[in-house]
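The structure under discussion appears below in the form of structure tokens.
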Amino acid sequence: MVSEFILVGFSNFPPRLLPAFFLLYLLMYLFTLLGNLIIMGTVWSEHSLHTPMYLFLCALSTSEILFTVTLTPRMLVDMLSTHHTITFVACASQMFFSFTFGFTHSFLLMIMGYDRYVAICHPLHYNVLMSTRTCAHLVSWTWAGGSVMGMMVTLIVFHLTFCGSNVIHHFGCHVLSLLKLSCGKETSSVTLGVILVCVTALMGCLFLIILSYVFIVAAILRIPSAEGRHKTFSTCVSHLTVVIVHYGFASTIYLKPKGPHSMDSNTLMATTYTVFTPFLSPIIFSLRNKELKNAIKKSFQRKFSPLNS
């Protein structure tokens with residue numbers, strides 16, 4: 001039985017480029033942490049932002065921080081290190097937490113779409129349908145669902161026997177790269193099962209988000225004034241942009257055709273997706289959401305402006 005794995009995702013990278021990529025990913029990692037912490041701090045300190053939409057945004061920022069912390073520090077160390085081994089237990093833990101926080105992120109995007117649907121299509125019932133208790137239950141269910149998905153996939157994968165090579169051609173314990181190392185008659189069926197479970201969950205979230213926006217767009221088009229339509233749709237722009245970025249990057253990585261240099265390009269794209277997508281989210285929400293942007297400005301002015309101003 002394999003007791004440790006060797007990560008060789010960066011082995012074919014040009015050595016001259018590694019320091020540059022390391023610095024770029026490090027800066028994006030630090031900004032991701034800072035940006036999401038600023039959003040969380042602003043939401044909790046500003047009473048005007050104590051609404052369901054910003055509660056979900058706080059939960060989303062938390063999931064992005066935890067997802068990034070699970071993968072990026074190890075990836076950064078490996079970029080400059082010659083020791084790329086990871087123990088069996090550490091590999092299983094990394095897979096569990098990355099899947100947990102990744103699926104939680106997708107579930108939260110779905111819930112945020114539902115929140116926008118209720119706010120725009122059923123405004124008179126919004127306070128009843130999206131009460132504080134209901135929102136807390138929804139957030140709890142997203143985290144529970146992410147944990148169940150993470151545990152299920154991790155147990156399925158690490159229940160297999162790894163009797164061949166222990167070299168993972170990826171920067172982390174990537175599920176498909178690990179499945180290629182397993183042996184036994186059930187490997188092909190397990191691989192298919194894992195893919196179906198993940199795709200079904202993610203596409204289910206995407207379908208419900210799209211369905212929410214179908215009703216949202218229909219409701220917006222019934223608003224008589226152009227100013228009213230623009231103002232209503234502006235409350236959805238940041239969420240919709242993050243959804244497009246999240247699913248757009250994921251589909252580009254996993255659905256693109258395999259080429260002769262696909263292993264190197266896949267590693268580069270996967271590392272970029274892991275770091276870049278959480279990096280973009282706080283920027284999108286801060287710039288595209290006028291209420292949040294003004295609250296952040298007001299919070300900084302209170303803390304850093306002179307006392308007599």
Side-chain angles (χ1 to χ4, degrees), residues 36 39-40 42-64 102-149 200-248 250 280-282 284-296:
N36 281 297
I39 288 176
M40 293 168 64
T42 302
V43 171
W44 286 113
S45 63
E46 294 294 329
H47 185 72
S48 62
L49 300 182
H50 291 180
T51 63
M53 180 172 71
Y54 293 106
L55 169 65
F56 296 141
L57 180 57
C58 270
L60 190 75
S61 293
T62 303
S63 70
E64 288 183 341
F103 275 107
T104 299
H105 185 273
S106 296
F107 294 153
L108 284 167
L109 287 177
M110 177 184 68
I111 295 300
M112 292 174 78
Y114 173 72
D115 171 72
R116 292 297 83 209
Y117 160 75
V118 175
I120 294 171
C121 298
H122 303 284
L124 298 179
H125 303 288
Y126 182 77
N127 290 333
V128 176
L129 294 175
M130 302 301 293
S131 64
T132 303
R133 184 173 181 177
T134 301
C135 293
H137 286 163
L138 288 173
V139 171
S140 299
W141 278 113
T142 60
W143 284 96
S147 300
V148 169
M149 292 294 297
T200 300
L202 293 176
M203 290 300 101
C205 291
L206 181 59
F207 172 76
L208 292 174
I209 291 171
I210 293 173
L211 187 63
S212 296
Y213 275 99
V214 168
F215 288 109
I216 287 171
V217 170
I220 290 175
L221 291 176
R222 290 195 296 268
I223 299 175
S225 68
E227 183 182 357
R229 290 194 295 270
H230 178 269
K231 184 177 180 180
T232 303
F233 186 71
S234 65
T235 64
C236 306
V237 171
S238 55
H239 171 257
L240 190 57
T241 305
V242 170
V243 169
I244 292 172
V245 169
H246 177 70
Y247 281 95
L280 280 180
S281 289
I284 293 170
F285 279 112
S286 299
L287 295 180
R288 301 298 302 179
N289 188 308
K290 187 176 180 180
E291 188 178 17
L292 178 62
K293 181 167 64 174
N294 290 337
I296 291 174

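All heavy atoms count here, side chains included; hydrogens, waters and symmetry mates do not.
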Does the side chain of [Y] come within less than 4.5 Å of [X]'s, by heavy atoms?
X	Y	result
Ile120	Phe233	no
Leu57	Leu108	no
Trp143	Thr62	yes
Val148	Phe103	no
Ser106	Tyr247	yes
Leu60	Phe285	yes
Cys205	Leu109	no
Trp141	Ile111	no

In sequence, state the C-alpha distance, the side-chain angles, and the governing distance for Ile216 and Thr232, and then conclude on side chain to side chain contact (heavy atoms under 4.5 Å, CB included). CA-CA 9 Å; Ile216 287 171; Thr232 303; over 6 Å; no

Roughly how far apart are [X] [atom1] and [Y] [atom2], rounded to 0.5 Å?
X	Y	atom1	atom2	value
Cys58	Met40	SG	CE	5.5 Å
His246	Leu280	NE2	CG	13.0 Å
Asn294	Leu49	CG	CG	10.0 Å
Ser61	Ile39	OG	CD1	4.5 Å

Among side-chain atoms of Tyr54 and Glu291, is any donor-acceptor pair under 3.5 angstrom?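 There is such a pair (donor and acceptor under 3.5 Å, judged by atom type) between the side chains of Tyr54 and Glu291.
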
Say whether, by atom type as modelled, one donor and one acceptor occur between the side chain of Arg229 and the main chain of Ile223 under 3.5 angstrom.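 Looks like yes, one N/O pair under 3.5 Å.
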
Ser286 side chain to Pro282 backbone, donor-acceptor under 3.5 Å: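 Flag set: sc Ser286 to bb Pro282 pair under 3.5 Å.
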
List the atom of [X], the atom of [Y], and the distance in Å for their closest heavy-atom pair.
X	Y	value
His50	Glu46	CD2-O, 3.3 Å
Ala219	Cys121	CB-SG, 3.9 Å
Gly228	Ser225	N-OG, 3.0 Å

Looking only at the aromatic ring of each residue, does the gap between the centers of His239 and Tyr213 stay below 6.0 angstrom?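 Here the rings of His239 and Tyr213 have centres that are less than 6.0 Å from each other.
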
Is the distance between the ring centroids of His122 and Tyr117 under 6.0 Å? yes

Using the side chain to side chain contact (heavy atoms under 4.5 Å, CB included) rule, take Phe56 and Asp115 through it: C-alpha gap first, then chi angles, then the decisive distance, then the call. CA-CA 9 Å; Phe56 296 141; Asp115 171 72; 3.7 Å; yes

Start with the C-alpha gap between Leu138 and Met130, add the side-chain angles, then the distance that decides, and say whether side chain to side chain contact (heavy atoms under 4.5 Å, CB included) holds. CA-CA 9 Å; Leu138 288 173; Met130 302 301 293; 4.0 Å; yes

Looking at His230, I'd like to know if its NE2 atom is crowded, meaning that more than 12 non-hydrogen atoms belonging to other residues, nucleotides or ligands lie closer than 6.0 Å.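 Counting other residues, nucleotides and ligands, NE2 of His230 stays at 12 neighbours or fewer.
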
Taking Ile284 as the fixed residue, which of Ile244, Thr241, Leu240, Val237 is the one that meets the side chain to side chain contact (heavy atoms under 4.5 Å, CB included) rule?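 Option passing the side chain to side chain contact (heavy atoms under 4.5 Å, CB included) with Ile284: Thr241.
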
Carefully, step by step, assess Thr134 and Leu129 under the rule side chain to side chain contact (heavy atoms under 4.5 Å, CB included). CA-CA 7 Å; Thr134 301; Leu129 294 175; over 6 Å; no

